[in-house]
Colleague: 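Sharing a structure below in structure tokens format, with a few things to ask.
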Amino acid sequence: MKVSVQISRGIEPLFGTRDENIRLLESSLNVTTQLVEDSLEIEGEAEAVSRAEGILQDYIALVREGHVFTNGDLNSYLRVVTEDPAVTLRNLVLSGRQRNFGKKTVVPKTINQRRYLEAIERNDLVFGIGPAGTGKTYLAVAMALSALLSKKMSRIILTRPAVEAGEKLGFLPGTLQEKVDPYLRPLYDALYDMLDIEKVEKLLERSVIEIAPIAFMRGRTLNDSFIIVDEAQNSTPEQMKMVLTRQGFNAKMVVTGDVTQIDLPPGRKSGLLHAEEVLRGVEGISFIYFDERDVVRHTLVQRILKAYERYEQAQQERQLSLRWNDASADSNRA
């Protein structure tokens, strides 16, 4: 089957750098394309061609309506719509406009990010587990701000383990706030990216937004709040149980972490891993897992993560090989 779609505007963002966007469309849907004057010819199986045509028609309509696509954003959108037939480009792009995220329009750029946002909307407790750069914390902060600005919640609580060794802050110089702030800086960064600095400062002064280490949550009941527990892999099981049971009425909690980056002392089990074992299958709790395909930072970050994964796998195989050779040598000597 072959169809022709007329494209009069926005041709450069559609093709992308070195045609990466159009090549993604071709490889994901198993179609071929050819630019003929101001039209794009699509050829392939009928269902695949129909899907590609629908994506292009959505793109053309959005451009006509004044939507400006950046190359990186369009590539991310295409990854989602080509992987999930239930998602249209139009709905994906406009979904970010339906919520108030302050000065940012935030939309999911991968399938797992989309599942993550949907899980946060549906459930009162969501775990987002995966590597750095997958948007776990950023999207959680965006959803928290949306809930605050739409008056669904009256405050935001952002918390994380202050230091790797269990919040031993006494040896650090400065006031208590000055001691913990460097460890909480990623949470401030997300807030400043979505709201004006002056507005963030006012919300912090009025304690509408509170950023504090996990130890400060003890003994509290957090009602009418959106709670984010960041870097949860570095909490102990005791800390995790404590913070999970702080959730009060009309409250949501999102717990994020990367189980490959546990900095607890040897012999201490991660509270995130423990919670994963204990809470799996509990009604009202959702676990969303991210991988290197969800990394939305520089494309080089994806390649770095993949390289480390290959290296670690090769090291493990080498260790196994050495042990096998040692065992064989011992057996021969015997």
Colleague: May I ask you to check whether over 12 heavy atoms, not counting those of Glu201, lie within 6.0 Å of atom CD?
Modeller: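 Above 12, so yes.
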Colleague: Any side-chain donor-acceptor pair under 3.5 Å between Asp258 and Thr260?
Modeller: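 A donor-acceptor contact under 3.5 Å links the two side chains.
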Colleague: Does atom CZ (Arg122) have a neighbourhood of more than 12 heavy atoms from anything else shown, all under 6.0 Å?
Modeller: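 Buried by this count: over 12 neighbours within 6.0 Å.
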Colleague: Between Phe287 and Arg280, is there a cation-pi geometry (under 6.0 Å to ring centre, at most 45° from the normal)?
Modeller: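 Geometry flag: set, cation within 6.0 Å and 45°.
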Colleague: Closer than 3.5 angstrom, by distance alone: can the side chain of Asn123 be matched with the main-chain N or O of Leu125 as a donor-acceptor pair?
Modeller: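 Judged by distance alone, no pair lies under 3.5 Å.
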Colleague: Please tell me whether Glu317 and Gln319 have a donor and an acceptor in their side chains that are separated by less than 3.5 angstrom.
Modeller: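 Result is no, nothing qualifies.
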Colleague: Would you kindly say whether Glu121 and Tyr116 are connected by a side-chain donor-acceptor distance under 3.5 Å?
Modeller: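 No - no donor-acceptor pair under 3.5 Å links their side chains.
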Colleague: Can you find a pair of side-chain heavy atoms, one from Asp193 and one from Val141, that are under 4.5 Å apart?
Modeller: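 Asp193 vs Val141: side chains apart.
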Colleague: Closest heavy-atom contact between Ser235 and Leu272?
Modeller: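 Answer, listing the atom of Ser235 first, then Leu272: OG-N, 4.1 Å.
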Colleague: Under the salt bridge (Lys or Arg N to Asp or Glu O under 4.0 Å) rule, what do Asp230 and Arg160 come out as? Steps first, then yes or no, please.
Modeller: CA-CA 5 Å; Asp230 192 36; Arg160 65 186 291 185; 3.8 Å; yes
Colleague: Do any N or O atoms from the side chain of Glu210 and from the backbone of Ser207 form a donor-acceptor pair under 3.5 angstrom?
Modeller: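 No, the answer is negative, given that no donor and acceptor are paired below the 3.5 Å cut-off.
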Colleague: Between Ser27 (side chain only) and Arg23 (backbone N and O only), is there a donor and an acceptor less than 3.5 Å apart?
Modeller: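 It does hold such a pair.
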Colleague: So, Arg51 side chain and Thr82 main chain: donor-acceptor pair closer than 3.5 Å or not?
Modeller: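 Here the side-chain-to-backbone pair exists.
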Colleague: Using a strict threshold of under 4.0 Å (side-chain N to carboxylate O), is an ion pair present between Arg114 and Asp84?
Modeller: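 Salt bridge between Asp84 and Arg114, a charged N being under 4.0 Å from a carboxylate O: yes.
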Colleague: Scan Asn21, Val93, Leu24 and name whichever one has a side-chain contact (heavy atoms from CB on, under 4.5 Å) with Leu74.
Modeller: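 Going through Asn21, Val93, Leu24 one by one, the side-chain contact (heavy atoms from CB on, under 4.5 Å) with Leu74 is satisfied by Asn21 alone.
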Colleague: So, Thr33 versus Glu26: side-chain donor-acceptor pair below 3.5 Å or not?
Modeller: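 Indeed, the side chains of Thr33 and Glu26 share at least one donor-acceptor pair under 3.5 Å.
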Colleague: Hey, is the main chain of Phe249 close enough, under 3.5 Å, to the side chain of Asn223 for a donor-acceptor pair?
Modeller: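 Yes.
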Colleague: Considering non-hydrogen atoms only, spot the tightest contact between Asp294 and Gln113 and give its length.
Modeller: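 It is O-NE2, 4.0 Å.
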Colleague: With distance as the sole criterion, is a donor-acceptor pair present between the side chains of Asp189 and Tyr138 under 3.5 Å?
Modeller: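 Result is no, nothing qualifies.
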Colleague: Would you please indicate yes or no on a ring centroid separation below 6.0 angstrom for Tyr77 and Tyr59?
Modeller: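 Not close enough - the centres of the two rings lie 6.0 Å or further apart.
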